[in-house]
Amino acid sequence: MPSRESGASEGKRLRELGELLDPVVAVLLTVECQQGVVGPGSALPELAEEVRSSGVLGNVARLVAAAHESGVQVVHAVAERRPDGRGANRNARLFRAAERLPIRQLTGTDAVRVAPPIEVAEADLVVRRLHGLSPLAGTDVDALLRNLGCRTLIVTGVSANVAVPNAVFDAVNLGYTVVVPGDAIAGVPADYTPAMIRHTLALVATVATTDEVLGCLGRPRRS
């Protein structure tokens, strides 16, 4: 049975989380939750299997639906490339391997559409990048967040190996407070994600569960 002290500490933590997730200042970011990455025809089948079997994709969809309901702005960050590869990086093994994959994240194809069951609302913003590893660096995301009055960025999606930590670090460096629902991000192998959360992301972001975030988003909006 939890002690009174531990219960009080947990209550304080959830109150602080609720303050961070005020719809007036919070924005939900989905990272590379696109068909060609997390869908059935993924270029990265191991990652796609993990994100689906673990329930991560469903949790992202739940968070997006709750954000729509509560008035939290949603931004979808999509990685894509031109058929000719113009403007894309070639300065790391990851990029060179992506060029050889049978499924490529080509502009205008189904591969770069946000994957079901995530629903994209008319008010959502979709930001596409042709280069780099981060949804924020070198894209319009930072400027859009500032124009929206964002102070708290909720980061979800894939992968916990590369793009998600990049997004978290860049957001923190730019002055945002970051919330990471730990069961709404995924990487490979499966045991890598909890290690990344515990030893790295928890040092710079507020880590919560999807249900905790949903509980905060479900509260009455601040006037």
Side-chain angles (χ1 to χ4, degrees), residues 28-69 74-85 88-89 92-135 139 141 154-168 180-197 209-211 213-214:
L28 174 66
L29 177 71
T30 75
V31 179
E32 296 183 25
C33 292
Q34 56 203 72
Q35 294 270 37
V37 176
V38 301
S42 171
L44 304 166
E46 184 182 1
L47 178 60
E49 171 61 24
E50 174 60 24
V51 79
R52 290 176 173 274
S53 63
S54 66
V56 164
L57 189 60
N59 285 338
V60 175
R62 293 168 64 209
L63 288 164
V64 169
H68 292 158
E69 182 68 23
V74 178
V75 178
H76 304 280
V78 173
E80 59 182 46
R81 60 187 293 120
R82 289 165 49 112
D84 60 10
N89 294 70
R93 187 175 70 177
L94 176 65
F95 301 123
R96 296 190 293 273
E99 291 179 344
R100 299 191 295 271
L101 292 173
I103 299 167
R104 302 166 68 197
Q105 314 302 314
L106 298 181
T107 301
T109 66
D110 286 343
V112 297
R113 294 177 182 167
V114 176
I118 300 169
E119 294 188 2
V120 180
E122 186 176 351
D124 292 2
L125 299 172
V126 180
V127 180
R128 305 177 184 277
R129 77 177 194 274
L130 290 172
H131 67 96
L133 299 170
S134 171
T139 72
V141 170
I154 310 163
V155 177
T156 67
V158 297
S159 73
N161 303 76
V162 179
V164 167
N166 264 265
V168 172
V180 176
D183 53 356
I185 67 170
V188 290
D191 59 0
Y192 180 79
T193 300
M196 166 59 76
I197 291 171
T209 66
T210 292
D211 285 342
V213 173
L214 290 174

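All heavy atoms count here, side chains included; hydrogens, waters and symmetry mates do not.
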Taking all atoms of both residues into account, what is the closest heavy-atom pair of [X] and [Y], and its distance?
{"X": "S159", "Y": "G187", "value": "CB-CA, 4.4 Å"}
{"X": "V38", "Y": "C33", "value": "CG2-C, 3.9 Å"}
{"X": "A160", "Y": "T193", "value": "CB-OG1, 3.6 Å"}
{"X": "P135", "Y": "V31", "value": "CG-CG1, 3.8 Å"}
{"X": "Q34", "Y": "A77", "value": "OE1-O, 4.4 Å"}

L214 vs L63, test: side chain to side chain contact (heavy atoms under 4.5 Å, CB included). Steps then yes/no. CA-CA 7 Å; L214 290 174; L63 288 164; 3.9 Å; yes
Indicate yes or no for a side-chain donor-acceptor contact from [X] to the backbone of [Y] under 3.5 Å, with no hydrogens or angles considered.
{"X": "T210", "Y": "P181", "result": "no"}
{"X": "T156", "Y": "L29", "result": "yes"}
{"X": "N59", "Y": "D183", "result": "yes"}

Once side chain to side chain contact (heavy atoms under 4.5 Å, CB included) is applied, do any residues pair with [X], and if so which ones, sequence neighbours excluded?
{"X": "D84", "value": "R82, R86"}
{"X": "R113", "value": "Q35, D110"}
{"X": "P194", "value": "none"}
{"X": "P83", "value": "none"}

*asked:* Run the side chain to side chain contact (heavy atoms under 4.5 Å, CB included) test on I118 and L57 for me, step by step, so that the C-alpha distance in whole Å, both residues' side-chain angles and the decisive distance to 0.1 Å come before the verdict.
replied: CA-CA 8 Å; I118 300 169; L57 189 60; 3.8 Å; yes
| query | Which is it for T107 and R128 under the side chain to side chain contact (heavy atoms under 4.5 Å, CB included) test, yes or no, and what are the steps along the way? | reply | CA-CA 9 Å; T107 301; R128 305 177 184 277; 5.9 Å; no
Contacts satisfying salt bridge (Lys or Arg N to Asp or Glu O under 4.0 Å) that involve residues 53-65 (not counting sequence neighbours) are R62-D211
Contacts satisfying salt bridge (Lys or Arg N to Asp or Glu O under 4.0 Å) that involve residues 30-59 (not counting sequence neighbours) are E32-R129
Heavy atoms, side chains only, cut-off 4.5 Å: are [X] and [Y] in contact?
{"X": "D124", "Y": "E119", "value": "no"}
{"X": "I185", "Y": "I197", "value": "yes"}
{"X": "E80", "Y": "L130", "value": "yes"}

